[in-house]
Amino acid sequence: MLVLSRKVGERIKIGEDIELYITKINMREVRIGIEAPKDMPIYRREVYDALTEANIASSAESDVNKNNIISLIEYVKKNKK
Amino acid sequence: MKLISPRVGEVEYSESDIITLITPFLGFPELQDFLLINDDASYPFLWLQSTEDPDICFLIVEPEQFFQNYAPEIPSREYKILAIADKYKEDIKTFCMVTVPSTIESATVNLRAPILVNFDKHIAKQIVLEQDTYQIRTPLLSQQKEGEEGAK
């Protein structure tokens with residue numbers, strides 16, 4: 001892994017299209033500005049992991065799961081009227 | 001064209017029914033083309049069925065069906081990506097993925113990462129809201145119960 005030291009206001013360029021800059025540093029927190037093409041997805045790592053996990057869980061295919069979905073739909077139909 | 005989905009059964013569709021993701025769903029980097037299947041049997045839920053992998057099908061819902069006050073702050077760059085001008089924002093439809101783990105009481109809906117669909121252009125994107133007002137695993141049914149209690 002490449003590790004660079006940067007001061008507030010200094011920048012890092014990644015390839016042609018991406019630039020990071022350090023906007024603020026506290027004791028335990030650093031604020032980073034990111035310039036990147038608008039179609040490039042940027043996530044906080046923990047959000048990325050949680051979302052990946054949730055998407056996979058949402059698509060999970062099994063008979064139990066299928067029956068639960070049917071029960072859920074029936075329950076909601078009954079209770080939403 | 002035709003596909004057989006374990007969840008939805010046999011589905012007939014044409015090229016023009018396909019909705020293409022601008023960015024694939026996290027966890028499914030190879031899948032881009034989906035069908036939005038809206039049938040009475042599953043209402044108010046809908047299905048988002050992959051055409052590339054028939055085994056992949058998501059249960060989705062319009063969040064307003066369960067969360068009347070759902071008002072995510074969507075950055076204007078997302079509208080640009082979805083090729084829609086600010087004044088036509090209303091034309092974007094919002095859906096959220098539902099997960100039903102072991103029991104229906106534990107069903108959750110992902111309000112943090114709604115799927116925005118531009119039906120006109122047949123494109124869609126799952127976005128992640130910057131604020132943590134809404135959760136990835138929001139209980140789906142507790143909200144309803146609160147509503148019922150309120151009505152008593």
Side-chain angles (χ1 to χ4, degrees), chain A residues 11-26 28-81, chain B residues 5-7 22-29 31 40-45 47-48 50 53-61 65-66 75 77-78 80-81 96-110 112-113 125-130 132 135-137 140-141 144-145 147-148:
Chain A
R11 293 176 169 249
I12 293 170
K13 212 157 160 57
I14 303 173
E16 277 305 304
D17 296 337
I18 301 169
E19 198 159 309
L20 308 182
Y21 57 99
I22 311 304
T23 66
K24 199 171 157 190
I25 303 171
N26 288 331
R28 306 196 57 176
E29 193 177 79
V30 52
R31 276 184 81 79
I32 301 168
I34 303 160
E35 279 168 10
K38 69 178 165 80
D39 55 350
M40 176 154 311
I42 298 167
Y43 304 97
R44 288 184 175 84
R45 178 58 197 261
E46 66 279 13
V47 174
Y48 176 95
D49 290 343
L51 182 54
T52 303
E53 202 184 298
N55 283 352
I56 290 170
S58 179
S59 76
E61 181 53 55
S62 70
D63 288 343
V64 177
N65 186 278
K66 194 170 180 174
N67 289 334
N68 284 339
I69 288 179
I70 293 166
S71 311
L72 175 70
I73 293 170
E74 283 169 359
Y75 175 87
V76 168
K77 276 185 185 291
K78 211 161 57 191
N79 287 275
K80 266 185 95 71
K81 275 171 192 165
Chain B
S5 154
R7 281 200 183 168
I22 291 171
T23 311
F25 291 135
L26 291 186
F28 301 90
L31 305 182
D40 286 346
S42 60
Y43 181 85
F45 300 97
W47 303 99
L48 200 56
S50 165
D53 181 349
D55 286 343
I56 301 298
C57 185
F58 297 95
L59 187 68
I60 59 170
V61 71
Q65 290 281 352
F66 289 87
R77 70 195 284 259
E78 302 293 359
K80 276 186 204 135
I81 293 168
C96 292
M97 282 186 193
V98 176
T99 304
V100 192
S102 47
T103 59
I104 62 166
E105 290 78 18
S106 56
T108 60
V109 58
N110 185 347
R112 179 79 187 270
K125 188 184 179 208
Q126 185 177 34
I127 68 157
V128 185
L129 301 174
E130 195 48 42
D132 56 9
Q135 303 308 312
I136 288 180
R137 294 175 195 277
L140 182 73
L141 296 175
Q144 251 197 338
K145 282 189 189 129
E148 281 164 15

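Lettering follows sequence order; numbering is per chain, from 1.
- Nearest heavy atoms, A:Tyr21 versus A:Arg11: CB-CG, 3.4 Å.
- Between A:Glu35 and A:Lys13 there is no salt bridge, since no side-chain N of the basic residue sits under 4.0 Å from a carboxylate O of the acidic one.
- Looking at B:Phe28, the atoms closer than 4.5 Å to chain A (heavy atoms on both sides) all sit in the side chain, from C-beta outward.
- Of the listed residues B:Asn110, B:Val98, B:Ile127, the one with more heavy-atom pairs under 4.5 angstrom with chain A than any other is B:Val98.
- Ranked by heavy-atom pairs under 4.5 Å with chain A, the first of B:Ile22, B:Thr103, B:Thr23, B:Leu59 is B:Leu59.
- Ranked by heavy-atom pairs under 4.5 Å with chain B, the list A:Ile70, A:Asn55, A:Ile73, A:Val47 is led by A:Asn55.
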- prompt: Are A:Tyr75 and B:Glu105 close enough, and set up right, to give a side-chain hydrogen bond (donor to acceptor under 3.5 Å, both in side chains), and what steps lead you there?
  reply: CA-CA 10 Å; A:Tyr75 175 87; B:Glu105 290 78 18; over 6 Å; no
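- Between the side chain of A:Thr23 and the main chain of A:Arg31, a donor-acceptor pair closer than 3.5 Å is present.
- Only the side chain of B:Phe45 comes within contact range of chain A, judged by heavy atoms closer than 4.5 Å.
- Only the side chain of A:Tyr43 comes within contact range of chain B, with at least one heavy atom under 4.5 Å from a heavy atom of that chain.
- Across B:Val61 and B:Pro44, no two heavy atoms sit closer than the pair CG2-O, 3.6 Å.
- Contact count against chain A (heavy-atom pairs under 4.5 Å) is highest for B:Ala41 among B:Ala41, B:Ser50, B:Ala113.
- Heavy atoms closer than 4.5 Å to chain A are found nowhere in B:Asp53, neither backbone nor side chain.
- Contact annotation for A:Glu53: both backbone and side-chain heavy atoms come within less than 4.5 Å of a heavy atom of chain B.
- Side chain of B:Arg112 to main chain of B:Leu129: a donor-acceptor pair is present (N/O by atom type, distance under 3.5 Å, no hydrogens or angles).
- The greatest number of non-hydrogen atom pairs below 4.5 Å with chain A, out of B:Glu78, B:Gln126, B:Arg77, is found for B:Gln126.
- With hydrogens and angles ignored, the 3.5 Å screen pairs no side-chain donor or acceptor of A:Ser58 with any backbone N or O of A:Ala54.
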